[in-house]
Undergrad: 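Mind having a look at this structure? Questions to follow.
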Protein chains: 2
Amino acid sequence: MLKEKASIIPHECGDCPIRHRAVCARCESDELALLDQIKYYRSYESGQTLIWSGDPMDFVGSVVSGIATLTQTMEDGRTQMVGLLLPSDFVGRPGRSSAAYDVVAVTDMVMCCFRKKPFEEMMVRTPHIAQRLLEMTLDELDAAREWMLVLGRKTAREKIASLMAIIARRDATLNMNGTRGPLVFDLPLTREAMADYLGLTLETVSRQVSALKKDGVIELEGKRRVTVPDFNRLLEEAGDDSDGGMLI
Amino acid sequence: MLKEKASIIPHECGDCPIRHRAVCARCESDELALLDQIKYYRSYESGQTLIWSGDPMDFVGSVVSGIATLTQTMEDGRTQMVGLLLPSDFVGRPGRSSAAYDVVAVTDMVMCCFRKKPFEEMMVRTPHIAQRLLEMTLDELDAAREWMLVLGRKTAREKIASLMAIIARRDATLNMNGTRGPLVFDLPLTREAMADYLGLTLETVSRQVSALKKDGVIELEGKRRVTVPDFNRLLEEAGDDSDGGMLI
DNA sequence: CGCCAGATTGACGTCCTTCAACAATCGTGG
DNA sequence: CCACGATTGTTGAAGGACGTCAATCTGGCG
């Protein structure tokens, strides 16, 4: 892929693509104006580490475009992904001075950053920001707990199906696809990153992806483009209740 | 154990044992007075299910005393514990009408409950509550992510050691023990509950507990009382960096 | 005492990892 | 253009960690 330097990104908050989902979602226009004064954009290239675990964090921010991973590493090198950061997701923790996890870009990214101090001061004064951040944090906690079930109790095949279901579902909401007909999406993750997410080895991931393909649960174009002909079938394979398979 | 009916529990917020750690921790006395008007106490017996996943939730609240578990169950019966609720922990999610997990008492418990509607209204008007809830939720998210590493990447032996370390550490902070000398605590969980927490079978839990005992990492009095002669040794067995083993 | 839930221990099977070789894809440079 | 090296992915064989099934033990309580 040809990597052009990302041009300056002069977003007005008004037409920001994540305006209605990010931490600023509930802000009134006067509050937005205040945020505007302390915000700045940064772009990162695929593969770049935005933040190293343990390092001081002088900013927080929102993912505007692109995807990043949140990972934890043991001394002997074993790693576990503990979060997948998508557009509108929040990075960093107000009130904490150093980062708890590595944050790594898996695609080229743009972030909307706020210096931590001013942001924290603003949080105290504008409840709309704190309210939205609470809501988002509760959602993340639910997602983390759902993932605990996947990690603790599901088989390798079910883990792969679960991951596909999550990505498919998210892709459908982002792109406002209808709930009918086959779903098509690109895997944003390498086999190794999938393994780190699922608590497996990359070989097992590869084998189980091939198995799901052989059994017609998914179809592959190249290594990354996935088609799901029957979403409920995928949910069954994930061990999920397919009654709730309403997408969204 | 003889089960006496818990007597009525007429706490004044002022001398509530969780006053300084619960969701009300930052409230001023006038705010506390408001909370006082909408609060009520409930007690539960060991083994009782406080909340069934999917059921409507008309209250939220804080654990005053005792311990409960948060669990998720698949259709075929596999279960995964996704949280351990200790005194001062918050139960329920403002803004959500039905429960996402089963909540089960593992000891006799007392809860300080708030009807959901009034509590939600109060959250909007008193930022101190929302601030504290955000802080607590962020802590829970960190705990959940730490547990994802345990579930995804640690061996059975490391999982047991990790659980012991967490319980020992928490016990030390609750009881204000010094950081030196052997730690002694009671396991609040059965082998089966430990298995559900760790993503193992109860047989594997039993075997690994025995192995840690045989290797002198822990000592047992009966099935539940545990002594940890060397906490750093335990952290090593958990695969954790023992440099950070400062307790707390 | 005898029952029962919780816990331990053993034998055996299997799912996943480990180690290894190899294939596909892509970008780079001669 | 094609060779090449690097990266990513696939596939096979063998071993091990954990699960499953089952027998036995322990302690508490009627």
Side-chain angles (χ1 to χ4, degrees), chain A residues 1-4 45-47 69 74 76-80 104 106-107 150-163 186-214 218 220-226 237 239, chain B residues 1-4 45-47 69 74 76-80 104 106-107 150-163 186-214 218 220-226 237 239:
Chain A
M1 185 203 319
L2 187 61
K3 283 186 186 164
E4 285 181 33
E45 291 185 3
S46 172
T69 62
M74 295 171 65
D76 61 7
R78 282 176 281 178
T79 73
Q80 175 65 51
V104 181
V106 296
T107 67
V150 173
L151 289 173
R153 290 302 185 192
K154 292 196 178 180
T155 65
R157 184 184 175 96
E158 289 170 332
K159 285 180 176 182
I160 300 290
S162 298
L163 180 59
D186 280 317
L187 281 177
L189 303 174
T190 65
R191 297 291 185 263
E192 186 180 19
M194 291 170 68
D196 283 344
Y197 204 173
L198 296 165
L200 297 170
T201 60
L202 65 90
E203 294 94 330
T204 299
V205 170
S206 184
R207 274 184 255 270
Q208 296 298 337
V209 169
S210 298
L212 288 177
K213 177 182 168 188
K214 184 169 69 64
I218 58 173
L220 289 178
E221 267 179 72
K223 308 297 182 189
R224 296 297 192 90
R225 187 158 212 87
V226 179
E237 292 287 353
Chain B
M1 185 200 320
L2 188 61
K3 280 182 186 167
E4 287 181 32
E45 291 185 4
S46 172
T69 61
M74 295 171 66
D76 60 7
R78 282 177 280 178
T79 73
Q80 175 65 50
V104 181
V106 297
T107 67
V150 173
L151 290 173
R153 291 302 185 192
K154 291 196 176 179
T155 65
R157 184 184 176 96
E158 288 170 333
K159 286 180 176 181
I160 299 290
S162 298
L163 180 59
D186 281 317
L187 282 178
L189 304 175
T190 65
R191 298 290 185 264
E192 185 180 21
M194 292 171 67
D196 282 344
Y197 204 175
L198 297 165
L200 297 170
T201 59
L202 65 91
E203 293 94 332
T204 300
V205 169
S206 184
R207 274 185 254 270
Q208 296 299 336
V209 170
S210 298
L212 287 176
K213 176 183 170 188
K214 185 170 67 65
I218 59 173
L220 289 179
E221 266 179 74
K223 309 296 183 189
R224 296 296 192 87
R225 186 158 213 88
V226 179
E237 293 286 353

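Quick caveat: nothing in here was measured; it's all calculated off a predicted structure. Lettering follows sequence order; numbering is per chain, from 1.
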Undergrad: Does the side chain of B:Arg153 reach to within under 4.5 Å of the side chain of B:Glu158, using non-hydrogen atoms?
TA: no
Undergrad: Got a sec, which residues hit salt bridge (Lys or Arg N to Asp or Glu O under 4.0 Å) with A:Arg207, two or more places apart in sequence or on another chain?
TA: none
Undergrad: Test your reading of the model: is there a side-chain donor-acceptor pair from A:Gln80 to the backbone of A:Asp196, 3.5 Å cut-off?
TA: yes
Undergrad: What pairs with B:Arg191 under salt bridge (Lys or Arg N to Asp or Glu O under 4.0 Å), at least two apart in sequence or on another chain?
TA: none
Undergrad: On a heavy-atom basis, which atom in B:Met194 and which in B:Val209 lie closest, and how many Å separate them?
TA: CE-CG2, 4.3 Å
Undergrad: Students often get this wrong, so: under 4.0 angstrom with heavy atoms, is B:Gly47 touching a base, only sugar-phosphate, or nothing?
TA: nothing
Undergrad: From NZ of B:Lys154 over to C1' of D:dA17, roughly how many Å is that when rounded to an integer?
TA: 17 Å
Undergrad: Rounded to whole Å, please give me the gap between CE in A:Met194 and C1' in D:dT8.
TA: 13 Å
Undergrad: Can you give one letter per nucleotide of nucleotides 3-14 of chain C, going 5' to 3': B for a protein heavy atom under 4.0 Å from the base, S for sugar-phosphate only, - for none?
TA: ----SBBBB---
Undergrad: Could you tell me whether a side-chain N or O of A:Ser210 sits under 3.5 Å from a main-chain N or O of A:Ser206, the two making a donor and an acceptor?
TA: yes
Undergrad: C:dC16 P sits how many Å from A:Leu151 CG, rounded?
TA: 13 Å
Undergrad: Does B:Arg224 have any salt bridge (Lys or Arg N to Asp or Glu O under 4.0 Å) partners at least two apart in sequence or in another chain, and if so, which?
TA: none
Undergrad: What is the separation between atom CD on A:Glu221 and atom C1' on C:dA24, rounded to the nearest whole Å?
TA: 17 Å
Undergrad: Need to verify one output field. Residue with the more 5' nearest nucleotide on DNA chain C, A:Leu200 or A:Gly222?
TA: A:Leu200
Undergrad: If I take atom CG in residue B:Asp76 and atom C1' in nucleotide D:dG19, what distance separates them, rounded to the nearest angstrom?
TA: 14 Å
Undergrad: How long is the line joining CZ of A:Arg153 and P of D:dC18, in whole Å?
TA: 13 Å
Undergrad: With axes from five pairs an end, tell me the bend angle of the helix from C:dC1-D:dG30 to C:dC26-D:dG5, nearest 10°.
TA: 30°
Undergrad: Can you name the residues that form a salt bridge (Lys or Arg N to Asp or Glu O under 4.0 Å) with B:Glu203, not counting sequence neighbours?
TA: none
Undergrad: Using a 4.5 Å cut-off on heavy atoms from C-beta on, say whether the side chain of A:Val226 contacts that of A:Leu220.
TA: yes
